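Worksheet for the structure shown next.
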2 protein chains.
Amino acid sequence: MGMPASDRLGIDLHLADQELLAAKRVAVEPAGLTVPQYAALFVLAENAGISGAALARACQVTPQAMAVLLRHLTDRGLVERAPHRWHRNILETRLTDRGRAALELADDRASAVEQALHAEFTSAERDHLRQLLARATSALRRAAHALD
Amino acid sequence: MGMPASDRLGIDLHLADQELLAAKRVAVEPAGLTVPQYAALFVLAENAGISGAALARACQVTPQAMAVLLRHLTDRGLVERAPHRWHRNILETRLTDRGRAALELADDRASAVEQALHAEFTSAERDHLRQLLARATSALRRAAHALD
DNA sequence: CGATCATCATCAATGCATTGATGACTGTCA
DNA sequence: TGACAGTCATCAATGCATTGATGATGATCG
């Protein structure tokens, strides 16, 4: 094979993200939410009336994926959607009170996860990690573009 | 909300992993594989005759998820499964020639992605990044355990 | 005014992941 | 020998993600 698994930096990156996802799942589950649902509600909380497509972009998923997710949330009464006054084509999406309550419960625990991550590092280490991750991100973007 | 989004280190981590996943998708797609399928074949290449459950553990997914994935791969003739000689209960899984060919094609391109990631950093930076990621991983594991 | 383009929503097919439950088999220990 | 624990496979329900295709709407430019 092209490269020994132990040399693949991507594996370490992925393991860390897997662990993050698992921790967030544990955090958010008592609120009756999944991680993507939590992410959507989080964005929604500060962007009332956003369109489904814009919400999808903010959450880095396709509009189709977001549509399914929003359907579940509307069915459960956590968000509500209504046609825009002028642009009748777009559905404005808003948190309901129940949605806001679920989000707050979830965010308390999800914040604890982020706090733990924060507390693991010194300020300098955090800056360095962010910088390294940013460089990895753009290197990967370039690599994908080159292969494409 | 508990913590401003800009302070959440987890977001940067997740963005980097998303980019990695996207790049790998581009890499393995011409081989007719998805990223999880590529991962399974990769492990399978060096562990002929492994059980489905063990393969699932190696790939960090549930046995159920792996079972579905293996079904697709066997249907397409990339792997073959046969009952173990003694432990009739377990299905030994092996690459077929077609599976090996698909894996090689995919791994050439996937390796290029890992090479690009490798090339972005100096040796010292790579070590540091790995160390930071390892610390993040264990901090997250502890956080999840504390919440649970 | 009318063609074009961008944005939005939605249908369909496919694949990956989870939890939970069930049944079959092996090996061990009392 | 017979109960028990561990491992394995598999069924079912639910949710998230992709690509691809379709159609509706509003804005822009010739």
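All values below come from the heavy atoms of this structure, side chains included, with hydrogens, waters and symmetry mates left out. Numbered from 1 within each chain, the chains take letters A, B, ... in sequence-line order. Quick caveat: nothing in here was measured; it's all calculated off a predicted structure.
At a threshold of 4.0 angstrom between heavy atoms, the contacts of B/Arg81 are confined to the sugar-phosphate backbone, with no base atom among them. Among the heavy atoms of the strands lying under 4.0 Å from A/Arg57 are primed sugar atoms or P, OP1, OP2 only; no base atom is included. Base engagement by B/Ala65 is indicated by at least one non-hydrogen atom pair under 4.0 Å involving a base atom. Among the protein residues, B/Val61 comes within range of the sugar-phosphate backbone only, with heavy atoms under 4.0 Å from sugar or phosphate atoms but none that close to a base. Residue-level contact check: A/Gln64 touches the bases, meaning some heavy atom is under 4.0 Å from a base atom. Nucleic acid contact class of A/Ser51 (heavy atoms, under 4.0 Å, all strands): sugar-phosphate only.
Spacing between atom CD of B/Glu92 and atom C1' of C/dC25 amounts to 15 Å, rounded to whole angstrom units. Taking atom CZ of residue B/Arg25 and atom P of nucleotide D/dT19, one finds them 6 Å apart after rounding to whole Å. The OH-C1' distance, from B/Tyr38 to C/dG15, rounds to 19 Å in whole Å. If you take CE of B/Met66 and P of D/dT10, they are 14 Å apart, rounded to a whole angstrom. In this structure, the CG atom of A/Leu91 is 18 Å from the P atom of C/dT7, given to the nearest Å. The nearest whole Å value for the distance from the CD atom in A/Gln37 to the P atom in C/dA17 is 19 Å.
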Inset, instruction - Might you work through the salt bridge (Lys or Arg N to Asp or Glu O under 4.0 Å) test for A/Glu114 and A/Lys24, ending with a clear yes or no? - result: CA-CA 9 Å; A/Glu114 287 284 354; A/Lys24 292 233 163 157; 3.1 Å; yes

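Which of C/dA17, D/dT18, C/dA9 sits closest to the side chain of B/Leu69 comes down to C/dA17. Closest approach to the B/Thr34 side chain among C/dC16, D/dA17, C/dC8 is made by C/dC16 (side chain taken as heavy atoms from C-beta onward).
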